[in-house]
Each structure stands twice: as C-alpha cells, then as structure tokens.
Asks: 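I'd like to ask some things about the structure below.
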Amino acid sequence: MLQGTKAKPRQQLSLGQRVLRDRVLLFFALPGTALIIAFHYVPLLGNVIAFKDYQPFLGIGSSDWAGWANFSVIFTGDPAFVQALKNTLILTSLQSVFVFPAPILLALLLNSLFSERIKRIAQSILYLPHFMSWVIVVALFQQMLGGSGLLNNYLRSHDLATLDIIGNSELFHVLLTSQIIWKDTGWATILFLAALSQIDSQLYEAASVDGASRMRQLWHVTMPGLRGIIILLFILRLGDSLTVGFEQIILQQAAVGRDVSEVLDTYVYNNGVIGGAWGVAAAVGLVKGLVGVALVLAANKVAHIFGEQGVYSR
Amino acid sequence: MQLSRRTFLGGGLAAAAVAVTGTPLISGCAADKKTQAAANLAVKLPAYSRFTGVKPDLPGTDLVLDGFLKYPANPVRVITDKPGDGQPITFMTNIPGAIPPAADKNQFWQALNERLGSDLQINMASNDEYKDKFATRVAGGDLPDIINIPVDTVQIPGLVKAKCLDLTEQLSGDAVKKYPFLANIPTQYWKGCVFNGGIYGVPVPRGMSRTSLPLYRADLLAAKGIKDPAPKNFQEFLDLAQELTAAKQNKWAWTRVPLSTIRQMLEVPNVWKEDGGKFSSAYEHEAQPDALEAARKMVAAGVINPDAFNDKATARKQWFNGGTAAFDYDSFVAWNQYYADNTAGEAFSVNMLDVPGFDGGQGAPWMGSALNNVTAFSKDSKHSVETLLKIANWMAAPFGTEEYLFRKYGVEGRHYALVGTDPVPTKTGVVETGIGLQYISDSALALYWSGKPDVPRKQHAIQTKVAPRLVVDASYGLYSDTLSKKQTQLTKTMTDLENQIVQGKKPVSDWTAAVKTWRSSGGDTMRTELEQAFTDAAGK
Amino acid sequence: MSRRIVNGVQMPSWPMRGFKGLVLLVFCAVVIVPFVAVISTSVAPNKQINESGGLVLLPHSVDLGAYRSLFAGGVVTQALFVSMFVTVIGTLLSLTVSCLLAYSLARPGFTAGRPILLIVLFSMLFSPGIIPTYLVVKGAGLLDSIWALIVPTMVSAFNVIVLRAFFAALPNEITESARIDGAGELKTFAYIVLPLSKAVLSVIGLFYAVSYWNAFFSALLYLNDSKLWPLQLVLRTYVINDTQLGSAELGTERLPPQASIQMAILVISIVPILLVYPFLQRHFAKGVLTGAVKG
C-alpha cells in the first residue's frame, strides 16, 4: 500500500474531521493500543524506583528517594563494569555479524531447493532447538563437548589429545555465539521464508526470460524483495543491542570466570539484584532503553537516507 | 529479572536490628542501633525443653543428631487436639521437587486437613523462582497467613516489622511450653528469629544436618582394597584421590574442587571469626594462599572432573551415583539423597571423611548454616496467634511420633508400606506428600534410613567424631545491614576468582589484591557493624 | 550450455547442488544428533544415564518411567489442558487484536498512525519490572484468574510491527481498486488484505502460539492456585537447578534421575508444536501474490 505512491495533496482537514474520517481505523487500533498502554507503559511508571532505595515491603511510594545513587554504577568507572560493557559490545558485534545473517542465508538456501519435500523436512528439523530452554542447551553442549563429555571421552580413550572447548576462556565468546546460532537459526528462518513467499514469482520468470543467471536473479529479484524486512529487523535488533543474553551466560559463568563472561545484564544481577537492589536494575534498564531509542531513531534516519522505509517512514 | 538462592553462605541473621521504624537505613542512628541490639538481647529466648517421649537408638547431644536404626514400632500419638480453628489457613513456600496434585485430588492433603481441623491452602513455587514470587507478594501487599522467609532475604528486620506478627509474648521463656514441640527446638535456632527486639518467627532448623564434609563411595574404595580411609594430612588426601582416578577410563576422583575441605585443614574460619570482640573474615586468613595453592595442585594432578567448574549440581550427582567420581563434598542431607537416587544397586554405600590437619593432626570442620528459613505470620492474618503457633507446633512433632510418620510419609497403605517397622514409600506417596510442610516448622533431622541401619550408624559416628571441633560462623545471630545487602554478591566475586586461580588461569598472587577490594567494597563496613553488634550484645 | 528451466527458473549446476546439499546435511545433523540424544535419554534406564554422565545416544532398553512419573497424579495432564486453552484462545485473540492494529497503522494517512506506531515501537525498548507489572495486573483484577496468562501479553509490539510491514508491502493497486469498488475499511481488511497475508498470519500466529505455550513466569507470579498452572511452569518444578534440598530429608524414594525427566519434559513440550507446524508450513509456499495484481 505504500509501494511507489506519493501522498496526494489533500485539502486541509481539521483534526476533528480527520478523526471522523478515520474512525473505523481508530476503532481497529483501539484494543491493541489500550493493551500496550495498560500493561506496558503504566508499569513503566514503576521505573521511578530507579531513583529510589526501593524495598518491596514499603511499596513504591514509601521507599526513600536515592537520587542518582542507583546510576552510580555507570559513572564510577568500576573496572568490572567497564569490562562488562566491553564484553557486551563484543558480543553484540559478533551477533550482528554472525547470528543476524545466518537465518537469512539459510532461508535463501531452503528457498532455492527444488524439492518441496526436502525443504519441508529440513525446516521441521532445523527449528527444533528453539524450544529447548537454555538450561538444556547448555547441558547438552557440556555433555557433548565438555571436558568429560562424549567427544573428549572418546578422544581420551583412544589416546588422542582432548579439546578444551567448554571451559576455555578464550573461546567463550565464540562458544556463546555458536550456541545462539545452533539454537535459533532454524526458527528465525520462518519469518524470512514468509517474506520470500511474498515475492511475485512472475518477477523470477521475467528475469529468467531476460537471461538472468541464478546469481543475478538473487541479486535483482530476491534481495530487493527481502530488503525491507531485513532492514526492519536489523533496526529492531539495534534497539536491543545491549541485551546479549542472560540465562545463557549465567549458566556458564562459573567455569570461564567473570572477565570474559560478564555482560551488562549479568553485572547488574551479580552486583545488584542479588542484594535486593531493585533500583539498580531499574536504573540500568532505563539507560539501556534510552540507548536503544537513540540507536533506533538514528538507524531509521539512516535508512531513510538510503531511500528505505525503515521501521516508520518520515 | 531473577534472584537465585545461595543457602550456603553462613548465618547473618538479625538479632540487633538497625531500624525501629522499618525504613531502610543505609546509615542508621548509632544510638538507635545500640538500643535495638540491647533490646534484642533483652529478649528471653524460648526455654529449651527436650521431648523425651521417643528414645533414640543412638542418642545425640546438643550438636550430634539422634540416630534411629529403625522406625519405632507403634509410634506414640502426641497431639490429641486439632490445632486448626476451622477456617482455611494460607501458606506460601518453595517446593523442592515436583508440584503435587492439588488438594481436591490429593488424599494425603485431605487427610492432613482433616487432622489439622483447618484447610491448609499452600501457594507453591519452585526453588529457583521463589524469591521473585516472594518479593512480588510482599510488594503487592497480600501475604498469606504463614510465610516462608528465606534466610538470606534482604532487610529482614524491616520486612518483619512492617508485615509480621510479634510472637515474643507467646514464645519467650517458659511461655513456649504451651507448644512442646517448638520448645523441643534447641535455643541456638531461636537466635536467628529475633529481630527488632522481639521474636518474629519460628525456626526451621538445619544446623548439623547441613554440615558438609567429603562424602565417598565406600563400595568403590573397597573394590580397590581401601577400607575405612582416613588420610592424615593433605598429601595422603591427594594420594587417595589419585588412587581413585583413571583418566583413560574417564574416571576422576572428585566431582568438585574440595577447597572448603582444604581450608578446614588449614583452620580457615567459617565465614567470620570472632576473637576477643574483633571480627575477621575467612577471606583475610593468612592460610588462604596456601589453600588455593593446594587446590591448584589437586586440579593440576588431574583428580578433579574436568567439567567440575560448570557448577551443576545435577551433573555432580550423576558422576557420584554413576561411579565416575568417588568423592563429593556435601552434607548429611545430600548423603540421604544419594541413597534415594541410587541406581548402582545394593552395593552402593556412602560414608564421610573426617578432616585432618594439613600437615597432620586434626582439621577444623565447619558447622552448617543453622536455619533453612524463618517462618513468620502475617499481621493481616485473620487467625489468632495461638492457632498459627499450634499449627507450627504440630509440624514440629519429632521423629518417632505418629504425627511425624504421618506428615512425612502419609497414610499407611496408600502412601507407604510397612516393612517391619520401617515405612517404605510408594510412588503415590512420593507424589502426594511433597507439599512443603517441612517449611512451616520442623524438628531437627533424625539420622535414619529405611531398611539400612548402617547408614544412621555411620552418620552418627562421624558426627560424634567431628562435633567437638566444629567451627561456627561467628556472624550468626548478629545483624549487619551491609552484610545483609552485600555479602552474597561480594562472596560471589571472590568465588569467581577462586575458580580462576584454582584452574590455573590466574596466579595465586591475585588473591591479596582481591581481598583488599573486598574490604573496601563492604568487608570493612561489615566487620565494623558486626563488632558493634557483638559488643552491644556482650555489654548487656 | 543452457541449463534446464523448471518453473521459469534455471536449475543450478551440480557442484552447487552438491554444496547446498552438504551444508543442509551438516546443519540438520548438528541439530538432529543432540535431539536423538534427548529422546534416548528420556527413555534410557537410570543406570545407563548415570554411568554415561547424563546423556545417552542409544538406550540399552526403553524405560518409560520418566513419562509415567511426569503424568502420575494428574498434575501434568491438568496443566496440559490449561496450556492448550491458553494457547488456542490466546492466539486467536492476539492475532485479531494485532492484525487490526497493524492494518490501521499500515494505512497511509491514518491520523493517529505515526504516534501510535511510535508508542508501539518504543514499548519494545523499555521493559517494566516484575513488581510494577504485578501491581497493574492486580489492579486489573486478574490475579488468580486464567486470563492473567492471556490479557497482559496479548499484544506483542514486535509482532505488530512485522505485521504492519507485511501489510504495507502489499501492492497499492489492490487496495485502491477495492476502494474504488466502494469497499469500506473493514471489508478491505477482511476480504482483500487478510487472504493475501496467509504467510505472515501463519508465522505470527505461530509466534504467538509458541509464546503462550512456553510462558511460565507470569503464571508463577499471578496464579496462587497450582490448579491453574500451565504446563511449562509445572514441568519446571521437576528440574532442580542448583539446590541440594529435597525430600531427601524424608529418606524416601525419589523420582527418576533428573536427566531423563528433563529430557522427557522437553519431548512433551515439543510434541504439540511438531503436530501443528506442518499445517502451517504450506502457507509459506511461493507465489501467493501471483496474478493478484492482474486478476
């Protein structure tokens, strides 16, 4: 509906008249918006505890004000915090480069298969790990690749050198990223497959008739068809870029130590939430959100410069 | 947002509260604290009156638990009145196992309600999520009649002052005699229930049963010709481990690094040590670098399972049960649990090692944490205090009584079968009885294992052996605001470093710098507060 | 040499097909092998599990003890029904509300379109704490009601934004011609847009369904009576992560070891999805839009 149209010049309608004209649409939008406001924005008011020394038995109102004290973790330059920030940025970069494109590539691969049967079977297998909780995924990785796991037991009993994978601090970031790829790639292809199915197949036929090779078709038909959704998802992902995982990391922190494994969310947990410092968690959440907003707005702007829709148009 | 439980971090419970009004104080009024500490010590703890209705086969002492070789025949029924008042009573707790069928489908629960005279409505949560559930209900202002408050809950004094009933009048001194089984709980457990100058809860005692020592697979060692192992120093301890290691066959002696045992060999204190009014932390002890070095040696010698640092309790249990490992560091409770999970057959046999001195002589083992939780009653409860206390009293009926048999095992026939005089639970029994009653109140654990009298014998023997040397956490019974807020997280940081050092990823020399950081991040403040609380208490 | 043309597209060369096949095979193997291990462990005899350290690739014999344990007492069965109710009703409601919202946002010139879109978008970036959310749910009177599992999470901002993108990507001519034919918004939505959006509806429907099916935390907080607990929450209580407590204090016989139970739990949780997914798969087929413009 937005493809290739420019807004026609309209008469100047007053706000009231426009509301009247759009009343059906407003009606459509009402339930969803109301739910989001009620169950998302109203509780957000509770984030005022970021500025308080909150104790659950006192309630939000009666807890003492703490000013910016809860935010001090960010400003004191605590080396552990800086390290956590570093790890977070490293992991988010790794995820952007490896985890984000993986389902796209896999979706393209699946899409290019000729046998519908194989395509469906592969899909049904590949999305399974998504349903495993991190507890199980970590346990599986440890039992397969750990020091006393299947792989190393086999190597050891055959007199081969064992591989230090699970407890290896240097490999930890790679391990984390691989785990995410293993767990979620198959599932994430679903959305891209749906997008691919929306591309008019006549475009492919036309391109083929024009003599385009498969490679060129990929570039000129498929990619443009996917571009919108890829950019949309990437911008949304940017908004979340300071969140790189929590349960997955906490489960594996003990072996590799905090230096390589601490990220913002685990730092807040280890240094705040455990001691009942709800305010600190709220404070960091606020800061993460603000950073996310800034990134999303900026990325959307950049998308507009390149002529794309982004998440919302100008 | 998740909060986890670490139950192994010593006491730190309140007796000298910092706040009268219940507002959270980071800096309290010094005069206030003094009055409070004095007030707390003015509280007369419930008088201990030992229940003599059941005679143990292996009598215990104040520290050693009573042992029973078999369940007494014809268990005596000790409570004749129904404690309930006819109205439903609500209770909130964590459940350590699977969720049992709801009351309307659970015959045990129905029988329980019948015997109590009131319907017990229990709101359960799994262990991992209990803290979040707890905080939400506190914040939401709708607490149940009976509340399970974990020992490491932050700001307990403020919490109980604001939301819970003061039980001093009903329990102090001889008043407790009205509830004979609460009186049967030794005095030291009550210390952990005193806040704001009053008794605010009923203890769920653990103490000795949580004491941890090296457990070993007696059958595996016997197969190698080692009977009654008793290493006399660290070197023999290490040698013993090496005997049980066969890396090629994927067997390693230990499920985890026994750093605590090594520390006990070197007489490192149990979290906090008090000496002439001065407190020092275990972290500051001069033998720590030696302990770390020795642990490192063990790791380097290859006697520890390579995945030990993944810190998964289930994996450890599997290794020990499956024979991949021969040693584990755990408590008497875990000892029983191993028998329960045992899949190795009849030969499976577990025993415990005493702790030798590092260079000979005797080590100084640590006493387990005193309480599992404090059970408090909500201020908004519509029931009388007496009713709630009678319920708690009912739950504390000791081993050997008919009430104990019922509440732990259920109804004969459906939930257990009697083999001789020993109850053997049925599958239905296990499923239906796990409703969390042990967190309302409980008697001290009795050493007993259905059908295996040598288990309590062994347990009793080792307890008797170590009891005189047990070292207690000196901070138990003293309240420090900073400790309540920061000890868990600071300990976690230190543990993280220990793991790295012991694996050889960081040098032992990093330890001293870490201790300095620990001190400046809160350790020194904790010390000062504890010393203050101590002198206030002593000064009274 | 020109390659065969099938369906209007060139067939790839053999090396290319070989490479693709290999990649696919590797991916599938890496996923299937652990999964086989999961199923095997759930039926393996306890002894074998303990000896092999917790994971079994091929069981010596089949022991359904873990499944029997899980279903004993009827707790899991009850929870299954609760979860099915919540998932079916929840997904239907969610899809309805989300599609209406997304459609309205996709219409150009919608007065409130921009502000509402921003409201939806920014709700993704900030997450409210569990305590304030609890207070709101309490204030809405949803505590101890099964609707507490549906209403608060009925709308997912992410899903709405994706739906909106797909709706907005439909060719303009289609809706224009509908408008010219005199159709109002509702008709356009129901008869034109929805039928063309089967792919994204299947996907988002699946996303919602899975999210309802997997939810456990809200049940923990909002439902005090365990009769109303959904499957995942009940199953979680069988998995002890960290603690060393237990009915061991009773000295009683315990459930089968954690490993087989954990794996059985996983198998039980996945089976419904496995059953439903193939029905949705066909909607991802190509060529939904073919001829829609011309026709």
Side-chain angles (χ1 to χ4, degrees), chain A residues 1-5 7 18-19 22 24-26 28-29 31-33 35-36 39-44 46 56 109 120 122-126 128-129 131-132 136 140 143-144 148 150 182 190-191 193-194 197-198 200-202 204-205 208 214 228-229 232 236 239 282 285 289 292-293 311-312, chain C residues 8-10 12 20 24 27-28 31-32 34-35 53-55 97-98 100-101 103-104 106-108 110-112 116-117 120-129 132-133 136 152 154-155 165 168-172 175 185-186 199-200 203 262 266 269-270 277 281 284-290:
Chain A
M1 294 179 244
L2 289 176
Q3 266 179 2
T5 46
R18 281 190 286 157
V19 166
D22 290 337
V24 179
L25 289 179
L26 276 172
F28 281 6
T33 315
L35 280 170
I36 290 186
F39 290 102
H40 218 102
Y41 282 95
V42 171
L44 271 183
L109 182 98
R120 290 213 192 159
Q123 249 182 58
S124 310
I125 295 177
L126 291 172
L128 289 175
F131 296 99
M132 301 190 184
I136 298 199
L140 275 177
Q143 276 157 347
M144 304 219 109
S148 64
L150 290 178
W182 180 84
I190 294 182
L191 200 49
L193 286 174
S197 77
Q198 297 286 81
D200 194 342
S201 64
Q202 291 183 340
Y204 284 109
E205 288 169 18
S208 180
R214 287 181 62 83
I229 189 88
L232 172 73
L236 289 181
V293 169
V311 178
Y312 58 91
Chain C
V9 193
Q10 253 185 351
K20 282 200 284 190
L24 207 55
F27 248 106
C28 287
V31 166
I32 273 268
F35 219 75
L55 197 65
V97 174
S98 307
L100 288 173
L101 177 56
Y103 173 77
S104 71
R107 299 294 273 135
F110 175 39
T111 314
I116 294 185
L117 180 56
V120 172
L121 175 62
F122 292 146
S123 77
M124 277 182 73
L125 301 173
F126 295 92
S127 34
T133 315
V136 170
M154 206 187 289
V155 181
L170 290 174
N172 223 35
T175 49
E185 295 288 6
L186 188 56
V200 70
V203 170
Q262 264 182 311
L266 182 59
S269 317
I270 293 199
Y277 188 75
Q281 250 190 339
F284 304 164
K286 278 196 237 198
V288 166
L289 278 182
T290 311

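Here is how names work: the chains are called A, B, and so on, in the same order as the sequence lines, proteins then strands, and each is numbered from 1.
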Asks: Test your reading of the model: is there a side-chain donor-acceptor pair from A/H40 to the backbone of C/V120, 3.5 Å cut-off?
Replies: no
Asks: Would you mind reporting whether C/C28 and A/L126 have side-chain heavy atoms less than 4.5 Å apart?
Replies: yes
Asks: Hey, are the side chains of C/Y277 and A/I190 touching, using non-hydrogen atoms and a 4.5 Å cut-off?
Replies: yes
Asks: Indicate the atoms forming the closest heavy-atom contact of C/P34 with A/L140, along with that distance.
Replies: CB-CD1, 4.1 Å
Asks: What's the shortest heavy-atom distance between A/L44 and C/S127, and which atoms?
Replies: CD2-C, 4.0 Å
Asks: Counting heavy-atom pairs closer than 4.5 Å to chain A, which one of C/I270, C/T133, C/L125 comes out on top?
Replies: C/L125
Asks: What's the separation between atom CZ in C/F110 and atom CG in A/L25, rounded to the nearest 0.5 Å?
Replies: 5.0 Å
Asks: With a 4.5 Å limit on heavy-atom distance, are the side chains of A/T33 and C/V155 in contact?
Replies: no
Asks: For A/F131 versus C/L266, what's the shortest heavy-atom pair and its separation?
Replies: O-CD1, 3.7 Å
Asks: Minimum heavy-atom separation for C/P132 to A/P43, with atom names?
Replies: CB-O, 3.2 Å
Asks: Could you tell me which non-hydrogen atom of A/L232 sits nearest to which non-hydrogen atom of C/A165, and how far apart they are?
Replies: CD2-CB, 3.7 Å
Asks: Looking at every non-hydrogen atom in both residues, tell me the closest pair between A/A122 and C/L24 and how far apart they are.
Replies: CB-CD2, 4.2 Å
Asks: Sort A/L236 into side chain, backbone, both or neither according to what part of it lies under 4.5 angstrom from a heavy atom of chain C.
Replies: side chain
Asks: What residue, out of A/V42, A/L128, A/I229, has the most heavy-atom pairs lying under 4.5 Å from chain C?
Replies: A/L128
Asks: Can you confirm whether C/M154 sits close enough to A/F39 that some side-chain heavy atom of one is under 4.5 Å from a side-chain heavy atom of the other?
Replies: no
Asks: So what's closer than 4.5 Å to chain A heavy atoms on C/S123: side chain, backbone, both or neither?
Replies: both
Asks: Could you tell me whether the side chain of C/F27 reaches within less than 4.5 Å of the side chain of A/I125, counting heavy atoms only?
Replies: no
Asks: Atom CG of A/L26 and atom CD1 of C/I116: how far apart are they, to the nearest 0.5 Å?
Replies: 6.5 Å
Asks: Would you mind checking which part of C/T111 comes under 4.5 Å of any heavy atom in chain A, side chain (CB onward), backbone (N, CA, C, O), both or neither?
Replies: both
Asks: Is chain C contacted by the side chain of A/V24, its backbone, both, or neither, given a heavy-atom distance below 4.5 Å?
Replies: side chain
Asks: Tell me, for A/L35 versus chain C, whether the close heavy atoms (under 4.5 Å) come from the side chain, the backbone, both or neither.
Replies: side chain
